[in-house]
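Here's the structure we're looking at; comments come further down.
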Amino acid sequence: MAGEILLCDLDAFFASVEQRDHPEYRGKPVIVGGRAGSRGVVATCSYEAREYGIHSAMPMARAVRLCPGAVFLPVNMDHYRRVSAQVFAIYARFAAQIEKVSIDEGYLAVQAGAGVETAQRIRRAVKGELGLSVSVGISSNKLLAKMACDLAKPDGFSELALGDVPKIIWPLPVGKLYGIGPQTREKLYRIGIMTIGQLARFPRAELIKIIGGAAGVMLHQRANGVDHREIQVERRVKSIGEETTFPQDVYEQDTILTTLLELAGQVGHRLRREGLVARTVTVKIRFSDFRTITRSQSVHGAVAGGEAICRVVQELFLAHCGQPPWRLVGVQVANLDSWEQLSLFEEKDERLGKVVDQLRDKYGPDIVKRASLIPSAEKAKGEPGEF
Amino acid sequence: MHFSSTKEELLNAIQVVQRAVSLRNPLPILSGIKFETGEGSVTISATDLELGISCSFPAEVSEQGKTVLPARVITELARRFPDVKIFFKSDPLNGSVIIQYGKSEASINGYPVEEFPEFTIPADNTKFTISGEILKDVISQVIFATARDENRPLYTGILFEINNSTANIVATDTHRLAWRKILLDDIGDLDINLIIPGKTLNELTRVAGLSDRLDITVAENQVIFKTENICLISRLIGGNFPNYRQVIPSEYISKTRLKTRDLIEASERASLLTREGAPIIKISIENNILVVSVNTEAGRMREEMSVYHEGEGLQFAFNARYLNDALKAIGTDEVVLEFTGPLSPVIIKPVEEMEYLSLLLPVRLREES
């Protein structure tokens with residue numbers, strides 16, 4: 001690859017957004033994550049909180065013990081997603097090729113020699129326009145850009161050339177190498193490999209025997225600063241689908257229609273989580289003899305709600321279901337877009353959908369169910385008299 | 001059948017009716033044009049069963065009769081005839097029609113005339129009259145808002161809500177809506193709602209002259225428009241038109257006045273960078289400056305223009321094609337946009353007092369606010 005690669009990573013993203021929006025949180029440890037009393041974990045914490053030994057993915061209960069005086073906040077994903085889109089819109093001014101790795105991290109491809117200049121301009125633009133700090137690693141490949149970014153954090157940028165690897169990367173503990181998880185790290189420790197440098201100089205054939213072919217070759221290359229991965233510009237979701245194979249063949253249409261309602265709800269939830277709407281809805285039907293058909297329908301405008309998806313798939317199913325028994329049904333949406341033309345006359349069950357989405361994001365997909373999806377025995381438990 | 005006419009009269013009439021010819025219809029007879037002689041005139045007609053158009057032209061008729069000729073052949077021939085008198089004569093031997101032009105002649109095989117559908121007008125009907133100029137004007141102001149999607153037939157039509165001497169004329173595809181109110185003189189105490197297919201009205205504006213008085217007949221599920229020499233008959237669209245009054249906002253929170261041309265040109269340029277079929281552009285207004293912008297994989301664009309704005313600053317995303325359709329239909333140099341909320345309709349209307357407006361709903365961007 002002739003150009004340079006930048007890894008732009010927002011510093012303590014969720015916590016920084018909260019501190020930016022609420023001046024009273026600035027300078028304080030801020031912990032964004034699941035509820036303090038629950039089994040939730042830390043999603044992001046501010047650098048002030050990190051001084052107490054708190055880090056992301058730590059159980060919330062532990063974070064509370066370490067720093068009871070911190071500001072604990074719930075994850076406001078909708079908001080962070082919007083801010084993230086603004087940040088990526090800024091990146092888009094500086095690079096045509098962008099790979100979005102996550103909500104707060106992206107690789108940018110720039111021309112050779114333009115890396116440092118671009119990094120500085122991006123950092124100025126993001127700070128100036130959005131009030132957020134982003135750390136940038138610059139190198140000739142994705143691996144070194146990532147390592148450079150780790151070295152630059154927080155609120156800095158650094159450039160790493162292949163020639164810097166022995167001096168800067170090799171002394172680091174082997175667990176710091178991208179792609180080495182706790183298990184591989186333990187294996188490497190056992191054969192006496194403690195630093196990235198030791199891994200780089202370890203005979204490759206021996207390494208392959210210990211940790212396997214593909215992984216061995218890859219880790220050996222990486223320890224030497226070699227990484228051939230290209231920027232994956234299109235990470236756009238093309239379709240979203242859910243399907244269910246029944247434990248026994250199903251003869252009743254009602255069972256299928258109920259399953260479709262459930263699947264449509266799940267698909268709708270995933271669709272909205274991606275911030276997308278769909279213009280095509282597909283039903284998949286597998287008969288007991290394994291014959292499988294799919295039937296699609298383009299919808300007028302777009303759908304994002306489970307109910308609207310459900311209406312289409314149920315109609316499609318009834319039109320094409322043939323003779324029972326059925327063994328699998330699936331719901332898929334495609335032709336996805338991130339915008340939706342609003343309508344004058346169609347009813348909106350949007351507010352309800354939003355509440356349901358929030359509950360599902362927080363407590364998992366089963367937290368809210370349609371009454372018709374609850375088996376009658378369970379339903380009986382919830383007789384009104386009990387409340 | 002035996003008649004003669006000039007090339008010009010013949011060609012004009014054919015060009016009027018050929019839009020109703022249906023070349024792809026499984027019924028072959030519908031790909032034909034029917035010729036029928038009268039007293040000193042010939043009437044030709046074509047229909048696709050949804051829309052029928054007939055047109056009369058002066059001719060010297062020496063033998064009465066009728067025939068159906070293939071539209072494609074007769075249309076193309078008429079275009080290419082020399083500028084001489086054209087003679088049509090049935091050949092009784094084989095049912096074909098001999099066409100003579102100068103020293104040349106052609107024999108065209110026709111279709112069995114009895115298979116051609118009759119334009120029947122039920123006896124029980126309602127009649128009124130409207131000026132061609134007014135009707136053309138009104139249609140041009142609202143027709144852009146009709147839906148093209150045949151799956152939603154209701155929205156492919158234009159509502160004519162006629163009550164006493166006023167008519168509310170409304171079109172909507174649910175994303176936008178256009179409304180115009182006109183006064184109709186001398187129509188008596190009429191009270192009817194018609195949903196007329198957009199296609200019919202489009203053809204009507206094409207064939208009817210500005211100076212024509214249009215006689216309109218409504219019968220059951222049909223509507224007939226008549227001028228001196230043209231008759232256009234169309235089915236009406238059934239169903240209840242949505243309650244448009246309910247969605248036209250009575251108040252706004254801010255408004256902008258601007259030069260129509262400026263906004264059309266800016267949004268046309270901006271949509272060049274958008275994906276085909278999704279010309280989504282952003283508009284923001286602050287301190288009497290309106291900014292049109294796009295930021296897509298293809299590139300970025302930002303245009304500023306001075307406007308006169310009252311009320312809070314705003315930010316919207318729109319389908320540029322919808323916006324331009326509405327701006328072009330207004331036809332005035334300046335336009336007023338009234339805003340009712342970030343995800344609510346924008347009211348687009350002329351600066352001058354006129355009973356005309358259109359509504360446009362914005363686009364909701366899922367990722368950015």
Side-chain angles (χ1 to χ4, degrees), chain A residues 76-98 100 103 130 233-237 271-279 297-305 312 315 335-348 350-351 353-354 357, chain B residues 145 147-152 154-155 170 172-179 240-244 246-249 274-275 277-282 293-300 302 316-323 341-346 358-369:
Chain A
N76 185 358
M77 200 44 102
D78 274 356
H79 182 49
Y80 306 145
R81 222 177 263 137
R82 272 194 295 275
V83 178
S84 168
Q86 293 167 345
V87 173
F88 276 87
I90 291 179
Y91 295 167
R93 288 186 226 157
F94 298 98
Q97 280 185 291
I98 298 174
K100 186 171 178 175
I103 191 164
L130 301 173
V233 176
E234 279 287 313
R235 274 178 50 109
R236 197 183 266 172
V237 186
L271 197 53
R272 293 189 296 275
R273 201 171 49 198
E274 297 283 343
L276 298 170
V277 295
R279 305 192 193 284
Q297 167 93 55
S298 291
V299 291
H300 169 69
V303 288
V312 181
E315 229 166 77
N335 242 328
L336 308 179
D337 251 315
S338 59
W339 56 272
E340 177 189 10
Q341 170 68 54
L342 299 172
S343 255
L344 280 164
F345 300 108
E346 272 134 72
E347 289 165 48
K348 297 270 164 197
E350 288 229 328
R351 270 201 322 208
K354 223 175 179 170
D357 281 351
Chain B
R148 301 208 177 18
D149 179 3
E150 295 292 335
N151 292 323
R152 301 179 307 146
L154 193 61
Y155 298 112
V170 188
T172 180
D173 65 0
T174 75
H175 303 315
R176 55 238 174 104
L177 179 149
W179 165 84
N240 286 324
F241 204 80
N243 185 350
Y244 68 89
Q246 203 179 308
V247 296
I248 296 179
T274 60
R275 202 150 41 86
I280 308 302
I281 60 166
K282 288 185 198 167
S293 65
V294 291
N295 189 348
T296 68
E297 284 152 27
R300 285 189 303 126
R302 192 189 134 86
F316 282 98
F318 287 111
N319 180 323
R321 188 170 63 81
Y322 290 174
L323 178 65
L343 298 174
S344 321
V346 177
S358 74
L359 304 182
L360 171 59
L361 272 163
V363 161
R364 184 211 316 260
L365 299 179
R366 289 279 171 163
E367 294 207 323
E368 297 163 60
S369 51

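A note on names: the letters A, B, ... follow the listed sequences, proteins ahead of strands, and every chain is numbered from 1.
In this structure, the side chain of A:Ser84 engages the main chain of A:Ile103 through a donor-acceptor pair within 3.5 Å.
For B:Ser344, no part lies under 4.5 angstrom from a heavy atom of chain A. For B:Leu343, the parts sitting under 4.5 Å from any heavy atom of chain A are the backbone and the side chain alike. In this structure, the portion of B:Tyr322 lying under 4.5 Å from any heavy atom of chain A is its side chain and not its backbone. Interface residue B:Ala278: backbone and side-chain heavy atoms are both found under 4.5 Å from chain A.
The nearest pair of heavy atoms linking B:Leu177 to B:Tyr244 is CD1-CB, 3.8 Å.
Residues that satisfy the ring pair (Phe, Tyr, Trp, His ring centres under 6.0 Å) test with A:Phe94, not counting sequence neighbours, are absent from this structure. Partners of B:Asn243 under the side chain to side chain donor-acceptor pair (under 3.5 Å) rule, at least two apart in sequence or in another chain, are B:Gln246.
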